[in-house]
Amino acid sequence: MIGDKPPEDPPHGDVNAKLIRTKEKWADEGRALTGTTADPRVDRRPPGQRITQDFPVLDLGIQPNLSLKEWSLSVAGQVAHPLKWSWDEFMGQTQVSYLNDIHCVTTWSRYDNGWVGVAMRTLLEQVKPLPSAKFLMVKSYDGYSTNIPLADVDRDDVFLAHTWQGKPLDREHGGPVRLVVPHLYFWKSAKWIRHITFMDRDQPGYWEARGYHMRGNPWKEERYG
Ligand SMILES: Nc1nc2c(c(=O)[nH]1)N[C@H]1C(S)=C(S)[C@@H](COP(=O)(O)O)O[C@H]1N2
Ligand SMILES: [Mo]
């Protein structure tokens, strides 16, 4: 059966151990916490964030080089219909344009990103999560993972992106396909997405196991767990 169990984690290249240690330390120290909250309906900028015009690159130091032929996205776990999309099948889904802001836990925010991709709700309609499904674990081609409540992807503004600012998404930003969850800190937006498991209970992903918050709402400063 397709996607019966998640594929094995790919061999890790050399991760940037120094950067990972630094970010673990930030979680320990509660770096950048202002102790305030904001209302996303009124305050475009979440507390403690500064606006940048460029698009910083943040990852574990491994940037998988995937041909479109090699790329696929599989979905399994607590769903009625597991699936596996090839690139052509993915591009055959209804395509949607998005405009959103992104907020990284390292305190940069970037406004007005234009994207094209496939709505998460298109995927949800096809896999049909079982009533027991409450959380997702998203896995990527660099060995990265992140957990997200199902309610946080069952929204109109969450999608799988292949185009940014009118061009195919660069490899360094997660091309060919990344998840985008604009209302949560950007570490939840997995680059080089490979697999999604629907789960009945929450489990920490890569950064969540290293001190980062299980949900990550920027307006509540859910930076660390
Ligand atoms: N697969 C994968 N996705 C990832 C990461 C990663 O290391 N691997 N880093 C996360 C973090 S911490 C951030 S802030 C954003 C950065 O995305 P960008 O490099 O496009 O700015 O990707 C997120 N998605
Ligand atoms: Mo990040």
Side-chain angles (χ1 to χ4, degrees), residues 6-7 9-27 31-33 46 48-66 71-74 98 100-115 117 136-148 152-153 158-165 167-197 204-218 221-225:
D9 279 336
H12 291 221
D14 281 338
V15 297
N16 185 340
K18 203 177 150 206
L19 180 141
I20 292 162
R21 271 200 307 278
T22 302
K23 286 182 89 172
E24 283 179 294
K25 206 169 134 247
W26 290 351
R31 181 184 173 273
L33 288 173
Q49 297 296 111
R50 59 185 174 79
I51 312 308
T52 178
Q53 308 296 330
D54 47 36
F55 193 3
V57 173
L58 273 117
D59 49 56
L60 307 177
I62 306 161
Q63 297 180 343
N65 196 359
L66 296 159
W71 182 85
S72 68
L73 172 63
S74 55
Y98 297 88
N100 63 29
D101 300 344
I102 55 192
H103 309 289
C104 174
V105 70
T106 62
T107 73
W108 59 268
S109 291
R110 190 183 193 287
Y111 285 175
D112 294 325
N113 299 274
W115 309 84
L136 278 62
M137 184 65 76
V138 181
K139 293 193 166 198
S140 297
Y141 282 94
D142 59 341
Y144 186 78
S145 58
T146 190
N147 55 308
I148 313 175
D152 280 312
V153 300
V158 178
F159 58 100
L160 298 157
H162 57 74
T163 292
W164 179 77
Q165 302 291 86
K167 290 195 223 109
L169 186 61
D170 283 344
R171 172 181 166 195
E172 62 181 6
H173 289 297
V177 183
R178 81 178 299 162
L179 177 66
V180 180
V181 188
H183 70 291
L184 300 180
Y185 282 120
F186 208 35
W187 88 78
K188 300 286 183 179
S189 294
K191 310 201 276 190
W192 313 292
I193 190 169
R194 174 174 66 100
H195 181 81
I196 304 172
T197 306
Y206 188 90
W207 285 121
E208 295 82 5
R210 289 166 176 77
Y212 286 75
H213 199 276
M214 293 294 265
R215 176 150 186 257
N217 177 350
E221 274 205 325
E222 293 175 344
R223 297 176 189 274
Y224 315 113

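Remember, predicted model here, so these are calculated numbers, not experimental data. In each ligand, atom 1 is the first atom listed, and ligand 1 is the first ligand listed.
One option in Asp142, Asp59, Asn113 has a heavy atom closer to atom 8 (N) of ligand 1 than any other, and that option is Asp142. Summarising the contacts of atom 4 (C) of ligand 1 with Tyr206, Tyr144, Phe55, the nearest heavy atom is found in Tyr144.
Polar contact with ligand 1: present for Pro56 (N/O pair, distance under 3.5 Å). Between Ser140 and ligand 1, a contact under 3.5 Å exists for at least one N or O pair. Between Leu58 and ligand 1, at least one N/O pair is under 3.5 Å apart. Distances between N or O atoms of Leu60 and those of ligand 1 include at least one value under 3.5 Å. Taking distance alone, with nitrogen or oxygen atoms compared against 3.5 Å, His173 approaches ligand 1 more closely than that limit. Between Lys23 and ligand 1, no pair of N/O atoms sits closer than 3.5 Å. Not a single N or O atom of Trp207, backbone or side chain, sits closer than 3.5 Å to an N or O atom of ligand 1.
Regarding atom 14 (S) of ligand 1, its nearest protein heavy-atom neighbour is Cys104 SG, 3.2 Å. For atom 3 (N) of ligand 1, the nearest protein heavy atom (residue, atom name, distance) is Lys191 N, 2.8 Å. Among protein heavy atoms, atom 22 (O) of ligand 1 sits closest to Arg178 NH2, 3.3 Å. Remark: minimum distance from atom 24 (N) of ligand 1 to any protein heavy atom is reached at Ser189 O, 3.1 Å. For atom 13 (C) of ligand 1, the closest heavy atom belonging to the protein is Phe186 O, 3.8 Å. Nearest protein heavy-atom neighbour of atom 11 (C) of ligand 1: Trp187 CA, 3.6 Å.
Numbered from 1 in the order shown, with element, the atoms of ligand 1 that lie under 4.0 Å from a heavy atom of Ala190 read 3 (N), 24 (N). Within ligand 1, the atoms closer than 4.0 Å to a non-hydrogen atom of Trp192 are 1 (N), 2 (C), 8 (N), numbered from 1 in the order shown. For ligand 1 and Trp108, the ligand atoms under 4.0 Å from any heavy atom of the residue are 21 (O).
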Show the numbers, then the answer: is there a side chain to side chain contact (heavy atoms under 4.5 Å, CB included) between Arg178 and Phe159? CA-CA 9 Å; Arg178 81 178 299 162; Phe159 58 100; over 6 Å; no
Would Tyr141 and Arg194 satisfy side chain to side chain contact (heavy atoms under 4.5 Å, CB included), going step by step from the backbone distance to the final call? CA-CA 6 Å; Tyr141 282 94; Arg194 174 174 66 100; 3.3 Å; yes
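Using a 3.5 Å distance cut-off with no hydrogens or angles, the side chains of Gln63 and Trp192 do not pair a donor with an acceptor. Between Trp164 and Asn113, the side chains place a donor N or O and an acceptor N or O closer than 3.5 Å (distance only, hydrogens not considered). Using modelled atom types and a 3.5 Å distance limit, the side chains of His183 and Asp152 yield a donor-acceptor pair.
In summary, Lys191 and Asp142 do not engage in a salt bridge, as defined by a charged side-chain N under 4.0 Å from a carboxylate O. Ion pairing between Glu208 and Arg215 fails under the 4.0 Å rule for side-chain N and carboxylate O.
Ring centers of His103 and Phe186: at least 6.0 Å apart, outside the cut-off.
Counting heavy atoms under 4.0 Å from ligand 1, residue His103 does not touch it at all.
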